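These figures come from a predicted structure and were not determined experimentally.
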Amino acid sequence: MKNTVFIAIMLLMGFQAEAQTKIGHINSQELLDTLQSRKDAMAKLKEFESEGVRELQEMNKAFESAYLRYQQNEKDWSPVIQKMEQEKLMKKQQGLETRQTELEQQMQIYGQELNKPILDLVQTAVNNIAESKKVSYVLDETVTLYSKGGIDMTQEVMTELLRLEAALKAE
C-alpha cells in the first residue's frame, strides 16, 4: 500500500512538473533574413569570395598560359629543359590548389567572424523573450523534424532582435 501511494505521488509530481514546462519555437532563418547586419555580413562575405575567385582565375590563367607555352615548345626543348618546365607547371598547379584550399579556409573563418555577433544577438533576443514568457525550451523550426504545439515566438523574437540591432547601431 505504501508503494502504491508513493508511486501515485511521484506520478502526480511528474504531471505537475510537465505542466510547468513550456516549449517555444522560432524560425531562425526568418529571423536572420530580417536583420540588416546579416545582409551586410553576407555582402562582405560575397565580396571576399569574389576577390578570391578572381585571384584563382588569374592564377589559373597563368597556369594555362604556361601549359600552352610548354605544349608549343616541348618538341624543341632538350629533355632537361622539358623536365624543368614540367616541374614549374607542377609547382604552379600545386600553388593554385594550395591557394584554393587557403581561400576556402579563410572564407570559413571570415564567415564565422561575421556571423558570431549576429548569432549572439539572436541568442540574446531568444533568451529575453523566453524569460519573459517563462518558456523552458526553445526549438528551431528549421532543424526540428516534427513538432506539434508549443508557442511560436518568432515574431516576438524578431521584434526584440530588431530592437537590439537598432540599439547596437546607435552606440
Gln93/Leu89 under side-chain contact (heavy atoms from CB on, under 4.5 Å): CA gap, chis, key distance, verdict: CA-CA 6 Å; Gln93 185 176 18; Leu89 284 172; over 6 Å; no
Worked check of salt bridge (charged side-chain N to carboxylate O under 4.0 Å, His left out) between Asp40 and Lys44: CA-CA 6 Å; Asp40 295 344; Lys44 288 178 183 178; over 6 Å; no
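The structure places OG1 of Thr98 at 12.5 Å from NZ of Lys91, a figure rounded to the nearest 0.5 Å. Note that CD1 of Ile23 is 11.5 Å distant from CE of Met153, once rounded to the nearest 0.5 Å. In this structure, Asn128 CG and Gln123 CD are separated by 10.0 Å, a value rounded to the nearest 0.5 Å. To the nearest 0.5 angstrom, Leu121 atom CG is 12.5 Å from Arg38 atom CZ. Rounding to the nearest 0.5 Å places NZ of Lys134 at 12.0 Å from CD1 of Ile151. Interatomic distance, Tyr110 OH to Asn115 CG, rounded to the nearest 0.5 Å: 11.0 Å.
Among all heavy-atom pairs drawn from Gly24 and Val135, the shortest one is N-CG1, 3.4 Å. Across all their heavy atoms, Lys22 and Lys133 have their closest contact at NZ-O, 2.9 Å. Nearest heavy atoms, Tyr70 versus Gln86: OH-NE2, 2.6 Å. Residues Ala41 and Leu114 come closest through the heavy atom pair O-CD1, 3.4 Å.
Between the side chain of Ser132 and the main chain of Ile129, a donor-acceptor pair closer than 3.5 Å is present. A donor-acceptor pair is defined here as one N or O able to donate and one able to accept, closer than 3.5 Å; no such pair exists between the side chain of Glu160 and the backbone of Ala125. Under the 3.5 Å distance criterion, the side-chain polar atoms of Ser65 are left unmatched by any main-chain donor or acceptor of Lys61. Of the possible polar contacts, none joining the Glu165 side chain to the Leu35 backbone as a donor-acceptor pair under 3.5 Å is found.
Residues Leu45 and Ile118 fall into different hydrophobic clusters, defined by Ile, Leu, Val, Met, Phe, Trp and Tyr side chains chained together at heavy-atom separations under 4.5 Å. Put simply, Met59 and Phe63 are part of two different groups of oily side chains (I, L, V, M, F, W, Y) that touch within less than 4.5 Å, one to the next. In the hydrophobic clustering of this structure, Leu31 groups with Leu119; members are Ile, Leu, Val, Met, Phe, Trp, Tyr whose side-chain heavy atoms approach within less than 4.5 Å, directly or through other members. Connection of Met158 to Leu168 is established within a shared hydrophobic cluster, with ILVMFWY side chains joined at heavy-atom distances below 4.5 Å, either directly or through further cluster members. Under the 4.5 Å side-chain heavy-atom criterion for ILVMFWY residues, no single connected hydrophobic cluster contains both Ile26 and Tyr137.
A heavy-atom distance below 4.5 Å is found between the side chains of Gln106 and Phe48. No side-chain heavy atom of Val157 sits under 4.5 Å from any side-chain heavy atom of Val138. Looking at heavy atoms from C-beta onward, Asn60 lies in side-chain contact with Glu64 at the 4.5 angstrom threshold.
Side-chain contact of Asn127 with Glu131: a donor-acceptor pair under 3.5 Å is absent, judged by distance alone.
No option in Arg69, Lys75, Gln71 other than Arg69 meets the side-chain contact (heavy atoms from CB on, under 4.5 Å) test with Asn73. Tested against Asn27, the residues Leu32, Asp152, Thr154 include a single side-chain contact (heavy atoms from CB on, under 4.5 Å) partner, Thr154.
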